[in-house]
Amino acid sequence: MSTDKNNNTTNAALFERAQAVIPGGVNSPVRAFRAVGGTPRFIRRAEGAYMIDAEGQRYIDYIGSWGPMILGHGHPAVLEAVQRAATEGFSFGAPTEREIELVEAIIEQVPSVEQLRLVSSGTEAAMSAIRLARGATGRSLLVKFEGCYHGHADALLVKAGSGLATFGHPTSAGVPAEVVQHTMVLEYNNLEQLEEAFALQGTEIACVMVEPIAGNMNFVRASLPFMTRLRELCTQHGALLVFDEVMSGFRVALGSAQSIYAKLIPGFKPDVSVFGKVIGGGMPLAAFGASRQVMQHLAPLGPVYQAGTLSGNPVATACGLATLREIAKPGFFEALAAKTKRLVDGLQAIGREVGEPLAGDCEGGMFGFFFAESLPQNYKAVMAGGTERFNRFFHAMLDRGVYLAPAMYEAGFVSAAHSDADIDATLEAARAALRAA
Ligand code: KE4
């Protein structure tokens with residue numbers, strides 16, 4: 001196996017070895033760098049704002065494990081909590097007090113949720129939330145939006161049908177057409193389609209699932225008119241509004257994205273919320289919650305079945321609870337948001353300086369940018385162009401020690417561990433990268 005001058009196994013050698021035994025060499029497709037090309041970096045360890053790969057190369061990390069690492073890697077309080085929990089036992093298959101503490105800590109920040117069920121991944125949480133909505137309403141129809149990703153449950157691997165009244169088509173092999181016949185895909189921020197869907201099928205809609213700030217289209221906000229009308233139509237037709245906050249939850253604000261909309265739309269709240277990533281602090285943990293009235297449909301109380309061997313895992317709950325306690329401290333989000341805004345404002349200023357159209361946006365510790373004159377409002381606009389330009393920029397930044405998300409349609413994340421010097425170094429690298437690539 002090839003090694004580099006310091007006798008480290010190279011990323012390329014590890015990738016070759018991985019591909020022999022793991023499909024595509026990765027355990028989640030986006031990690032394979034297929035969208036941007038090149039060799040994925042095999043991470044040996046991470047600390048604070050940095051990841052170090054198998055060749056000893058250090059990167060300023062703007063993925064943060066796709067959102068969870070809001071404190072940065074190896075926060076002492078989190079590390080200590082996980083180490084202590086591990087000595088007490090890895091898993092019991094029985095309830096623990098810490099599950100109650102974590103759920104209480106989440107509910108304290110999200111007034112729309114009265115009860116919560118802990119699970120092990122965002123996919124599991126979103127899938128369970130849909131089953132709960134269908135069970136609670138007695139309806140089958142699920143509405144989602146193009147460009148929003150809610151994990152890989154069959155019902156969600158679907159693209160828009162030819163016409164509005166037609167239902168989705170599977171985006172993945174292995175998903176029978178019958179499974180997605182109850183899934184309708186609309187265009188994000190498209191009021192007209194929303195009105196038409198409810199006019200045609202409002203009484204059959206069990207739930208509408210939406211990323212309130214769509215991080216799987218890089219960074220696209222739901223417009224106020226769209227979100228206002230979505231809430232009204234769901235209420236009017238008895239459909240449940242499901243906020244998928246797996247990425248935005250406890251990342252864009254302590255109260256998650258719903259707290260931002262609640263400030264802008266009087267009395268606004270979703271009916272069901274899905275969380276993940278930050279609430280696990282980097283360990284496998286996610287959750288879904290709603291009013292007591294909706295949650296009572298869940299087993300063992302009600303007829304909607306949902307279960308999990310490692311749900312509420314004692315080590316994962318220790319990691320999540322320690323993380324939430326840190327981010328709930330006064331001033332945490334103000335400082336994080338200011339740092340993230342300085343990065344995005346700086347990128348746009350450099351774009352103007354070098355004559356490259358670059359539009360960006362951010363909220364809390366989450367950001368996105370596009371090689372475009374203005375911010376796209378839906379998936380088609382996001383994917384309309386700039387992929388090749390982004391990919392060149394991605395590699396020019398990676399070569400300069402800055403690790404961005406390896407796909408144009410992914411969001412970026414800043415942590416509390418990113419220093420002002422890291423932001424400055426990132427902007428310097430961006431200036432050189434934009435000039436070079
Ligand atoms: P997981 O099953 O990957 O924990 O969560 C699925 C999920 C659900 N909802 C939203 C809004 C999400 O962003 C995700 C997962 N996000 C991707 C990043 N775009 C995870 C990265 C990956 O797939 O490896």
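FYI, the numbering just counts along the sequence from 1. As the structure lists them, so they are numbered: ligands from 1, and atoms in each ligand from 1. Being a predicted model, the structure only gives us computed values, none of them experimental.
Between Asp53 and Arg44, none of the side-chain N atoms (NZ, or NE/NH1/NH2) sits under 4.0 Å from a carboxylate O, so this pair counts as no salt bridge. Between Glu232 and Arg229 there is a salt bridge, since at least one side-chain N of the basic residue sits less than 4.0 Å from a carboxylate O of the acidic one.
With hydrogens and angles ignored, the 3.5 Å screen pairs no side-chain donor or acceptor of Arg45 with any backbone N or O of Ile52. A donor-acceptor pair is defined here as one N or O able to donate and one able to accept, closer than 3.5 Å; such a pair exists between the side chain of Tyr261 and the backbone of Pro212.
In this structure, Gln57 has no side chain to side chain donor-acceptor pair (under 3.5 Å) partners at least two apart in sequence or on a different chain.
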Inset, instruction - Give the C-alpha distance, both sets of side-chain angles, the deciding distance and a yes or no for salt bridge (Lys or Arg N to Asp or Glu O under 4.0 Å) between Glu146 and Lys380. - result: CA-CA 9 Å; Glu146 187 180 35; Lys380 281 187 185 60; 3.1 Å; yes
Pairs under 3.5 Å, N/O atoms on ligand 1 and on the protein: can you put them in a table with the distances?
residue, atom, partner, partner atom, Å
ligand 1, 2 (O), Thr123, N, 2.9
ligand 1, 2 (O), Thr123, OG1, 2.7
ligand 1, 4 (O), Gly122, N, 3.0
ligand 1, 9 (N), Tyr149, O, 3.3
ligand 1, 9 (N), Asp244, OD1, 3.3
ligand 1, 9 (N), Asp244, OD2, 2.8
ligand 1, 13 (O), Asn216, ND2, 2.9
ligand 1, 16 (N), Lys277, NZ, 3.1
ligand 1, 19 (N), Asn216, OD1, 2.5
ligand 1, 19 (N), Glu410, OE1, 2.7
ligand 1, 19 (N), Glu410, OE2, 3.4
ligand 1, 23 (O), Ser28, OG, 3.4
ligand 1, 24 (O), Ser28, OG, 2.6

